[in-house]
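Reviewing the structure listed below.
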Amino acid sequence: MTLFNGALCVFSVVGVCGEEWSVTYRPESTCAFVGSSVDMSCSYTYPSYLTITEVYWTKHNYMDPPRLRDDPEYSNRISEDCEQGTKRCNLRITSLTKLDIGEYYCRITINTEGQKWIGTPGIHLDIKGRDK
């Protein structure tokens, strides 16, 4: 996969009969100012024999990362649109602070015990300006 001006990032794992997992982030990285808002999105594919049970955003890349929406630092500042069946998940963060700098990942769980995926690398967010 070729990257054009940092606009595309793909994570892919081949499954049964050529079906595969992939997570594509747009943008790959972004920069915003303190106090402003930012929009990020991912789209994903997965083997058709699986059933997605949950898709959410996280700021951690480890085995069982917490949902971003459950983090008290984000609870009143984010909106997620990860409607089942759309194969897309959008994230909006408002009132940005320097603490928001970091990598954001789309987490996908399926109906099979222990089957969970994180598309890596995620979207890198940088924040410019001073916190008040």
Side-chain angles (χ1 to χ4, degrees):
M1 175 59 63
T2 304
L3 296 176
F4 296 97
N5 294 326
L8 178 66
C9 180
V10 175
F11 166 77
S12 182
V13 177
V14 175
V16 176
C17 300
E19 295 177 318
E20 63 183 60
W21 282 93
S22 70
V23 177
T24 304
Y25 292 98
R26 294 194 193 253
E28 179 182 290
S29 65
T30 190
C31 183
F33 290 102
V34 168
S36 69
S37 300
V38 69
D39 294 305
M40 298 181 254
S41 72
C42 77
S43 57
Y44 55 91
T45 60
Y46 57 93
S48 59
Y49 62 90
L50 298 174
T51 301
I52 301 292
T53 56
E54 185 178 26
V55 180
Y56 62 91
W57 286 89
T58 184
K59 198 174 174 185
H60 304 282
N61 179 15
Y62 51 80
M63 189 60 141
D64 285 312
R67 292 166 192 83
L68 196 60
R69 68 179 169 258
D70 295 339
D71 184 331
E73 293 293 322
Y74 291 91
S75 63
N76 295 317
R77 300 187 305 118
I78 70 163
S79 59
E80 286 182 317
D81 178 14
C82 301
E83 189 173 322
Q84 294 285 333
T86 63
K87 297 183 180 177
R88 176 167 221 88
C89 192
N90 301 309
L91 173 66
R92 180 175 184 82
I93 307 173
T94 61
S95 303
L96 291 167
T97 73
K98 292 279 191 163
L99 297 175
D100 296 324
I101 293 172
E103 199 94 4
Y104 292 80
Y105 306 94
C106 191
R107 172 75 162 179
I108 304 165
T109 61
I110 63 171
N111 61 332
T112 305
E113 180 80 24
Q115 295 294 310
K116 302 169 185 175
W117 301 91
I118 288 185
T120 58
I123 297 174
H124 180 76
L125 174 62
D126 194 16
I127 308 295
K128 301 295 182 191
R130 290 189 219 169
D131 288 322
K132 294 181 180 181

For the pair [X] (side chain) and [Y] (backbone), establish whether a donor and an acceptor sit closer than 3.5 Å, ignoring hydrogens and angles.
X: Tyr44; Y: Arg107; result: no
X: Arg92; Y: Ser79; result: no
X: Asn111; Y: Thr51; result: yes
X: Glu103; Y: Pro121; result: no
X: Thr120; Y: Gly122; result: no
X: Ser36; Y: Phe33; result: yes

Is there a side-chain contact between [X] and [Y] (heavy atoms, below 4.5 Å)?
X: Pro65; Y: Tyr105; value: no
X: Lys128; Y: Asp126; value: yes
X: Ile108; Y: Tyr46; value: no
X: Ile110; Y: Trp21; value: yes
X: His60; Y: Ile118; value: no
X: Glu54; Y: Arg67; value: yes
X: Ile123; Y: Ser29; value: no
X: Val34; Y: Leu96; value: no

NZ on Lys59 to CG on Asp71, rounded to 0.5 Å: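 Answer rounded to 0.5 Å: 8.5 Å.
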Gap separating the CD atom of Glu73 from the CG atom of Leu99, nearest 0.5 angstrom: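 Separation between the atoms: 6.5 Å.
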Indicate the atoms forming the closest heavy-atom contact of [X] with [Y], along with that distance.
X: Cys42; Y: Val23; value: CB-CG1, 4.1 Å
X: Gly129; Y: Lys98; value: O-CE, 2.7 Å
X: Leu125; Y: Met40; value: CD2-CE, 4.3 Å
X: Val55; Y: Ile52; value: CG2-CG2, 3.6 Å
X: Ile78; Y: Leu68; value: CD1-C, 3.9 Å
X: Pro66; Y: Thr58; value: O-OG1, 2.7 Å

More than 12 heavy atoms from other groups under 6.0 Å of CG on Asn76: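 No, not enclosed.
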Cysteines Cys82 and Cys89 with SG distance under 2.5 Å: yes
Verdict with supporting geometry, Val38 and Thr30, side-chain contact (heavy atoms from CB on, under 4.5 Å): CA-CA 8 Å; Val38 69; Thr30 190; 3.6 Å; yes
Working for side-chain contact (heavy atoms from CB on, under 4.5 Å), residues Ser41 and Arg26: CA-CA 5 Å; Ser41 72; Arg26 294 194 193 253; 4.0 Å; yes
Derivation of the side-chain contact (heavy atoms from CB on, under 4.5 Å) call for Glu28 and His124: CA-CA 7 Å; Glu28 179 182 290; His124 180 76; over 6 Å; no
side-chain contact (heavy atoms from CB on, under 4.5 Å) evaluation trace for Tyr56 with Leu91: CA-CA 9 Å; Tyr56 62 91; Leu91 173 66; over 6 Å; no
Geometric class of the Tyr104/Tyr74 ring pair [parallel <30°, tilted 30-60°, perpendicular >60°]: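 The rings of Tyr74 and Tyr104 stand perpendicular, inter-plane angle above 60°.
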